[in-house]
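Working notes, structure below.
Numbers restart at 1 for each chain; the letters A, B, ... are given by sequence-line order, proteins then strands.
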There are 2 protein chains.
Amino acid sequence: MIDLKDKLSQKGLKVTPQRISILEAIYSLNHPTADDITRHIRQQHSNIATGTVYKVLEKFIEKGLIKKITTDKDVIRYDGLLTHHHHLHSTESVLIKDYIDEELDKLLTDYFNKKRLNDFKIEEISLQIKGKFLNNQMGVEYE
Amino acid sequence: MIDLKDKLSQKGLKVTPQRISILEAIYSLNHPTADDITRHIRQQHSNIATGTVYKVLEKFIEKGLIKKITTDKDVIRYDGLLTHHHHLHSTESVLIKDYIDEELDKLLTDYFNKKRLNDFKIEEISLQIKGKFLNNQMGVEYE
DNA sequence: GTATGTGCAAACTTTTTGCACTTCG
DNA sequence: CGAAGTGCAAAAAGTTTGCACATAC
């Protein structure tokens, strides 16, 4: 909790109950939508306006606290993991898992250092890996 | 034109003027949105209902004629390129370019054949490469 | 105290849906 | 002719906005 307040003030953001709740929601939910976040907070205790949720999320992105992620399935989702990573997307459900692999990142960096693209300056590469979660990992739903 | 009709009937779809126009629009525009497609068709000559556009696009996806692509910028876009490829996303505009690289695909396949992921069966890997288009390639707008 | 943040409701954008009518094969 | 596709307009879903009030610092 203290940690969350620090994160906010470190970015020069005023610490409000709404912002703490939203940040907490992002960390405890798996790549939630704005609506997932709103429902999570309302379930806990406090009310929050949907407009506030969108405004706060936009502010968080602007300050680099979170990122947007998209899928070809549905709406915008939010990701609180800031270290560089990729995503495993289920082809069977809306489940998305983070995938961190520095060895892979090095492989890609080396590859694109050799093979320069014409007229394009790469800033960031992220893999969207689609497939099936095996065992009992699939079908996990938010909330 | 004959080509487009063939593409439709090969997939067991009835050939209608609307479907031909939509397919033609996807091929001539660069990763258009549904609205880009609608405006393109209306500009050409014929009218078309927005509902029809969405229904037809859904049908095309179902039959594997096109794919959806998403960005964290805006709405759903459609892609008529069926061979496996990746995307270069401009960080300065909405421009997206296709990127085909079989050598890279082989590298990735080999990598993931060795390094198996726990409990995840990979079906497809697509790279979202963000960066800047240099020279006069940037700022190209649809329409 | 002042700048910033929030709630609320209205508006906007994108996408979906139902149903009568039309068209393809 | 029958199944499938289209137009239209209404509705749903997701997101943005303006403004009065509230709160953090």
Side-chain angles (χ1 to χ4, degrees), chain A residues 1-2 4-25 31-42 45-63 65-66 68-78 94 142, chain B residues 1-2 4-25 31-42 45-63 65-66 68-78 94 142:
Chain A
M1 191 69 90
I2 295 161
L4 297 182
K5 291 185 187 177
D6 284 354
K7 286 209 177 224
L8 292 171
S9 43
Q10 277 165 20
K11 296 287 183 177
L13 293 169
K14 282 189 185 173
V15 177
T16 68
Q18 290 86 346
R19 287 179 172 174
I20 293 170
S21 307
I22 291 173
L23 204 49
E24 183 276 322
H31 306 103
T33 64
D35 187 55
D36 291 336
I37 294 167
T38 308
R39 289 207 319 278
H40 179 83
I41 292 171
R42 290 188 177 153
H45 36 76
S46 36
N47 191 27
I48 193 166
T50 62
T52 302
V53 173
Y54 282 104
K55 283 172 191 163
V56 169
L57 290 170
E58 224 27 70
K59 193 60 101 178
F60 284 1
I61 289 165
E62 181 190 322
K63 297 290 182 181
L65 267 175
I66 62 171
K68 283 186 183 178
I69 55 176
T70 50
T71 73
D72 48 8
K73 293 210 190 72
D74 54 2
V75 294
I76 298 167
R77 293 178 176 275
Y78 299 89
V94 295
Y142 317 131
Chain B
M1 189 70 87
I2 294 159
L4 296 182
K5 291 185 186 176
D6 285 352
K7 284 207 177 225
L8 291 171
S9 44
Q10 276 165 20
K11 296 285 182 177
L13 292 169
K14 282 190 185 174
V15 177
T16 69
Q18 290 85 348
R19 286 179 172 174
I20 293 171
S21 307
I22 291 173
L23 204 49
E24 183 275 324
H31 306 105
T33 64
D35 187 56
D36 291 336
I37 294 167
T38 307
R39 288 208 320 278
H40 179 83
I41 293 171
R42 290 188 176 153
H45 36 76
S46 34
N47 191 28
I48 193 166
T50 62
T52 301
V53 174
Y54 283 103
K55 283 173 192 163
V56 169
L57 289 170
E58 225 27 70
K59 192 59 101 177
F60 283 1
I61 288 165
E62 180 191 322
K63 297 291 183 179
L65 266 175
I66 63 171
K68 283 186 183 178
I69 55 176
T70 50
T71 74
D72 48 9
K73 291 209 191 72
D74 55 1
V75 293
I76 298 167
R77 294 178 175 275
Y78 299 88
V94 297
Y142 317 132

Rounded at 0.5 Å granularity, tell me how far [atom1] in [X] sits from [atom2] in [Y].
| X | Y | atom1 | atom2 | result |
| --- | --- | --- | --- | --- |
| A:Ile61 | A:Ile66 | CD1 | CD1 | 4.5 Å |
| B:His40 | B:Ser21 | NE2 | OG | 8.5 Å |
| A:Ile22 | A:Ile37 | CD1 | CD1 | 7.0 Å |

Neighbours of DNA chain D within residues 53-60 of chain A, by heavy-atom distance under 4.0 Å = A:Tyr54, A:Lys55
Please tell me if the side chains of B:Leu8 and B:Leu23 come closer than 4.5 Å, counting only heavy atoms from C-beta onward.
-> yes
If we only count heavy atoms from C-beta on, is the A:Glu24 to A:Ile41 side-chain gap below 4.5 Å?
-> no
In chain order, what residues pass the side-chain contact (heavy atoms from CB on, under 4.5 Å) check against [X], with sequence neighbours excluded?
| X | result |
| --- | --- |
| A:Thr16 | A:Gln18, A:Arg19 |
| A:Lys11 | A:Leu13, A:Lys63, A:Leu65 |
| B:Glu62 | B:Lys59 |

Positional range of nucleotides in DNA chain C within the contact set of chain B, heavy-atom, under 4.0 Å | C:dT14 to C:dG25
Any chance the side chains of A:Asp35 and A:Thr38 put a donor and an acceptor closer than 3.5 Å?
-> no
Determine yes or no for a side-chain-to-main-chain donor-acceptor pair under 3.5 angstrom, with B:Thr33 supplying the side chain and B:Asp36 the backbone.
-> yes
Give the angle between the helix axes at the two ends of the helix from C:dG1-D:dC25 to C:dG25-D:dC1, taking five base pairs at each end and rounding to 10°.
-> 40°
For B:Lys14 and B:Ala49, take the nucleotide of DNA chain D holding the closest heavy atom to each; which residue's nucleotide lies nearer the 5' end?
-> B:Lys14
Between A:Pro17 and B:Tyr78, which is nearer to the 5' end of DNA chain C once each is assigned its nearest nucleotide?
-> A:Pro17
Atom-pair distance ([atom1] on [X]; [atom2] on [N]), nearest Å:
| X | N | atom1 | atom2 | value |
| --- | --- | --- | --- | --- |
| A:Asp36 | D:dA13 | CG | P | 15 Å |
| A:Leu13 | D:dA24 | CG | C1' | 12 Å |
| B:Gln18 | D:dG7 | CD | C1' | 9 Å |

Mind checking A:Asn47 for me? I need base, sugar-phosphate or nothing, with any heavy atom below 4.0 Å counting as a touch.
-> sugar-phosphate
So what does A:Thr52 touch, heavy atoms closer than 4.0 Å: a base, only the sugar-phosphate, or nothing?
-> base
Checking side chain to side chain contact (heavy atoms under 4.5 Å, CB included) for the pair B:His31/B:Tyr78: CA distance, chi angles, key distance, verdict?
-> CA-CA 5 Å; B:His31 306 105; B:Tyr78 299 88; over 6 Å; no
